[in-house]
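The structure appears right after this line, and notes come after that.
Atoms within each ligand, like the ligands themselves, are counted from 1 in listed order.
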Amino acid sequence: MKTVLITGGNKGIGFETAKQLGNLGYEIYIGCRHKYKGQEAVENLKKLGVNSIDWIELDVADSKSIEQAKIQLASKIDSLDILINNAGISGTQPQKFCINNIETLRNIFNTNFFGTVEVTQQFFPLLEKAEQPIIINISSEVGSLEIHSSTGKDPNLEIWSAYGASKTAVNAFTVMLANELEDTPFKIFSVTPGYTSTDLNDHQGTKTVEEGASPIVEIATQSNNFTSGKFYGEQGEVTW
Ligand SMILES: NC(=O)c1ccc[n+]([C@@H]2O[C@H](COP(=O)([O-])OP(=O)(O)OC[C@H]3O[C@@H](n4cnc5c(N)ncnc54)[C@H](OP(=O)(O)O)[C@@H]3O)[C@@H](O)[C@H]2O)c1
């Protein structure tokens, strides 16, 4: 049975991804920063038919927590087939760069970018033991520089400046890591769920979590149909 770790798996798109992959027979571990949320999510996933499900305590913005989580997971499994770097925050508003509070920017990058990189680094030895390891970095269209520069000044995108920049950095991580690992069995992807109704956007998103999780599950289960180092969404490849 293939093993999957999904960070921030207690709600939203991460929870739905755990449900869909769990129902396909994968062995699921969700990373959660609060014990009660982890336990509750596991109970709920079991009720939704996921048989192989467990949680580990993991705050992606805390180096000690990431290290402890790695030790905990390594005591449960010999290898990790799929890492889904899903945990993320949108941060407080306003997010215009001319007025942005630098602390907002630091907090968002700490979770969305540094968290993604550090989790990947700590779990790398477990991933290396899998036959064809897959890393999926959850990104967003608002991280696409091409979309920003071709759309021009767009008030809908502008309010997500700091969050968008953190996802641009995640995309850079995907490309550079894929290049570093080109001659290995690793496959690395950026994937956007699209604008999905979750707590992250006060449920303003237009897609359901089922729809949002769908491209993530497709790439996790059919990675051979996709090119490592690329950015994908519901409609296929997304422009950088
Ligand atoms: N919703 C969208 O429209 C959309 C679009 C594009 C990309 N995305 C991306 O999709 C991913 C999932 O977002 P979502 O929409 O499902 O949001 P969500 O419902 O708010 O879920 C976010 C998850 O991340 C967790 N998290 C946040 N900070 C964390 C930390 N420091 N350590 C561990 N877990 C942490 C949250 O845990 P707590 O419950 O403890 O807060 C929660 O489980 C994010 O990377 C987001 O940027 C979302």
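Ring centroids of Trp240 and Phe231 are separated by less than 6.0 Å, placing the two rings close together. Residues Phe186 and Phe124 place their aromatic rings such that the two centres sit under 6.0 Å apart.
Counting protein heavy atoms only, atom 22 (C) of ligand 1 is closest to Gly88 O, 3.7 Å. Looking at atom 43 (O) of ligand 1, its nearest protein heavy atom turns out to be Asn10 OD1, 2.8 Å. Atom 10 (O) of ligand 1 has its closest protein heavy atom at Ile138 CG2, 3.3 Å. Given atom 35 (C) of ligand 1, the protein heavy atom at minimum distance is Ala87 CB, 3.6 Å. The closest protein non-hydrogen atom to atom 23 (C) of ligand 1 is Gly8 O, 3.7 Å. Protein heavy atom in closest approach to atom 4 (C) of ligand 1: Gly194 O, 3.7 Å. Among all protein heavy atoms, the one lying closest to atom 40 (O) of ligand 1 is Arg33 NE, 2.9 Å. At the shortest separation from atom 18 (P) of ligand 1 among protein heavy atoms lies Lys11 CE, 3.8 Å.
In Lys230, the NZ atom is not crowded: 12 or fewer heavy atoms of neighbouring residues, nucleotides or ligands sit closer than 6.0 Å. Residue-environment remark: CG (Asn225) exceeds the threshold of 12 foreign heavy atoms within 6.0 Å. Other residues, nucleotides and ligands contribute at most 12 non-hydrogen atoms within 6.0 Å of the CD atom of Glu131.
Ligand 1 places these atoms under 4.0 Å from at least one heavy atom of Asn201: 1 (N), 2 (C), 3 (O). Close approach of ligand 1 to Tyr195 (heavy-atom distance below 4.0 Å) involves ligand atoms 3 (O). Within ligand 1, counting atoms from 1 as listed, the ones closer than 4.0 Å to a heavy atom of Gly12 are 16 (O), 19 (O). The ligand atoms of ligand 1 that sit less than 4.0 angstrom from a heavy atom of Ala61 are 31 (N). Here is the list of ligand 1 atoms found below 4.0 Å of a heavy atom in Leu58: 32 (N), 33 (C). Annotation for ligand 1: atoms under 4.0 Å from non-hydrogen atoms of His34 are 40 (O).
Contacts between Lys37 and ligand 1 below 4.0 angstrom, taking non-hydrogen atoms only, involve the side chain exclusively. In Ser139, the part holding a heavy atom less than 4.0 Å from any atom of ligand 1 is the backbone. At a heavy-atom distance under 4.0 Å, only side-chain atoms of Thr198, from C-beta outward, approach ligand 1.
By the 4.0 Å heavy-atom criterion, Ile89 is counted among the residues contacting ligand 1. Heavy atoms of Glu141 stay at 4.0 angstrom or farther from ligand 1. Heavy-atom distances between Gly115 and ligand 1 stay at or above 4.0 Å for every pair.
Salt bridge annotation for Asp199-Lys11: present, with a cationic side-chain nitrogen under 4.0 angstrom from a carboxylate oxygen. The existence of a salt bridge linking Glu16 and Lys19 is confirmed by a sub-4.0 Å separation between a basic side-chain nitrogen and an acidic carboxylate oxygen. A salt bridge is absent between Glu141 and Lys167: the closest approach of a Lys/Arg side-chain nitrogen to an acidic carboxylate oxygen does not fall below 4.0 angstrom. Looking at Glu103 and Arg106, a side-chain N of the basic residue comes within less than 4.0 Å of a carboxylate O on the acidic one, giving a salt bridge.
A side-chain contact (heavy atoms from CB on, under 4.5 Å) with Ile84 is found for one member of Leu21, Leu5, Thr7 and no other, namely Leu21.
For ligand 1, one of its N or O atoms has an N or O atom of Ile13 under 3.5 Å away. Among the atoms of Tyr163, some N or O lies under 3.5 angstrom from an N or O of ligand 1.
Here the closest heavy-atom approach between residue Gly12 and residue Thr198 is recorded as CA-CG2, 4.2 Å.
The option from Ile84, Asn86, Asp202 that lies nearest to atom 45 (O) of ligand 1, judged by heavy atoms, is Asn86. Closest heavy-atom approach to atom 32 (N) of ligand 1 within the set Val60, Ile108, Val142: this belongs to Val60.
Side-chain atoms of Ser75 come within 3.5 Å of backbone atoms of Gln72 as a donor-acceptor pair (strictly under, hydrogens ignored). At distances below 3.5 Å, not a single donor-acceptor pair connects side-chain atoms of Ser197 with backbone N or O atoms of Thr206. Within the 3.5 Å criterion, the main-chain N or O of Gly8 finds a donor-acceptor partner in the side chain of Asn86.
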